[in-house]
Amino acid sequence: MTKILIIYTGGTIGMVNDPLTGALIPFDFKQIRQNVPELTRLNYHLDVHSFDPILDSSNMNPIIWAELAGIIERTYHEYDGFVILHGSDTMAYTASALSFMLKNLAKPVVLTGSQLPIGEIRTDAKENLITALEIVATKNNGLAMVPEVCIYFDYQLFRGNRAIKYNSEKFEAFQSPNYHILAEAGVNLSFYGNYIHHHPKGAFQVQSDFNPNIGVLKLYPGITPQAVQAITRSSVDAIVLETFGSGNTTTAPWFIQSLQEALDQQKLIIDISQCQGGSVELGKYETSKKLQQMGIISGFDMTFEATVTKLMYLMGQRYSNVEIAALMEQSLRGELTH
Ligand code: ASP
């Protein structure tokens, strides 16, 4: 019988209204079970690991990512796969982080949650949970159909490190602007095999050290030297530069000089676009030529979520700056197209 571990971290899926404040607060897994009697009709052996405390996903952090990866590492050989119930707000960050932490993953790790709590009549939680379990259980020639970290939400399965939460209100909360979906749930589950990772050759390994000492600099017309230098002159080890279009920035001398100072202090600077679709192409325009010459790293078409988690992950692995720069521009887990 297929064995699946459900890891319940929290999120709207299991929330109830606080009788005192009226705000949504996380609640225990028991009421998820009560609200989804269908779970007993699935022909799977399900175990549940509940986080304590259970969280609104805005409180996620690298320590909790490591805890999640640790649970998977310790139970990896006992289960056919894992469903992680998680708040949708930071689900794409956790999915990206896990994709880097879990090397040579041969089993599905599917994150899901919902926009409405499981106790509400119009909830999207039941469908998301039941289909996520079915995806984890799907095999192809005896091997897991989807041996990667993914997000299942509103009838679509996304590669975890390609997904973004783009809507806080629609049931269709996620998109994957730069990568084809991995599967779609209609009457049948349709898998898009050409886009799914092959089974790994090496042994499964977990690497969960992160260095979160990064800064983010989002550009806008009119940005001041004070705003830029608050980041470039700070003590961060790396800067994610959110640029315009295909990776362009102002060419104002003070701006270029501020970036150069940061590079001279051995800070890594990585350029990703504020556009959600498309890729950074350093050197395409005059306004990014200088960045390329200075040695700014291209994030190509990575999501913001994948960029920050990959950077924290690589900086936690004690690589040199030269190695990190090279690895940031390569696809490690299918997070970028280059
Ligand atoms: N605030 C919730 C969370 O991320 C939202 C959700 O689950 O959809 O935990």
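Order of listing sets the numbers, starting from 1, for every ligand and every atom in it. All residue numbers refer to positions in the sequence shown, counting from 1.
- Every pair passing salt bridge (charged side-chain N to carboxylate O under 4.0 Å, His left out) that includes a residue from residues 111-126 is listed here, sequence neighbours excluded: E38-K126.
- Close approach of ligand 1 to G11 (heavy-atom distance below 4.0 Å) involves ligand atoms 7 (O), 9 (O).
- Inter-residue side-chain proximity for R333 and V149 is flagged as unmet; no heavy-atom pair is nearer than 4.5 Å.
- Counting atoms of ligand 1 from 1 in the listed order, those under 4.0 Å from a heavy atom of T12 are 2 (C), 5 (C), 6 (C), 7 (O), 8 (O).
- Residue-level proximity to ligand 1 for S114 is carried by the backbone, the only part with a heavy atom below 4.0 angstrom.
- Sorted by first then second residue, the salt bridge (charged side-chain N to carboxylate O under 4.0 Å, His left out) pairs that include residues 293-303, not counting sequence neighbours, are R162-D301.
- Annotation: Y195 is in aromatic contact with Y179 [ring centroid separation under 6.0 Å].
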**Request:** Any chance you could lay out the side chain to side chain contact (heavy atoms under 4.5 Å, CB included) test for E184 and Y155, step after step, and finish with the verdict?
**Result:** CA-CA 6 Å; E184 212 163 355; Y155 303 103; 5.6 Å; no

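- Between Y76 and F82, the ring planes are parallel. Angles under 30° get that label, and only those over 60° would be called perpendicular.
- Polar contact with ligand 1: absent for K165 (N/O pair, distance under 3.5 Å).
- Given atom 8 (O) of ligand 1, the protein heavy atom at minimum distance is S88 OG, 2.4 Å.
- Looking at ligand 1, you won't find any N or O of T90 less than 3.5 Å from one of its N or O atoms.
- On a distance-only criterion, S57 and ligand 1 share at least one N/O pair closer than 3.5 Å.
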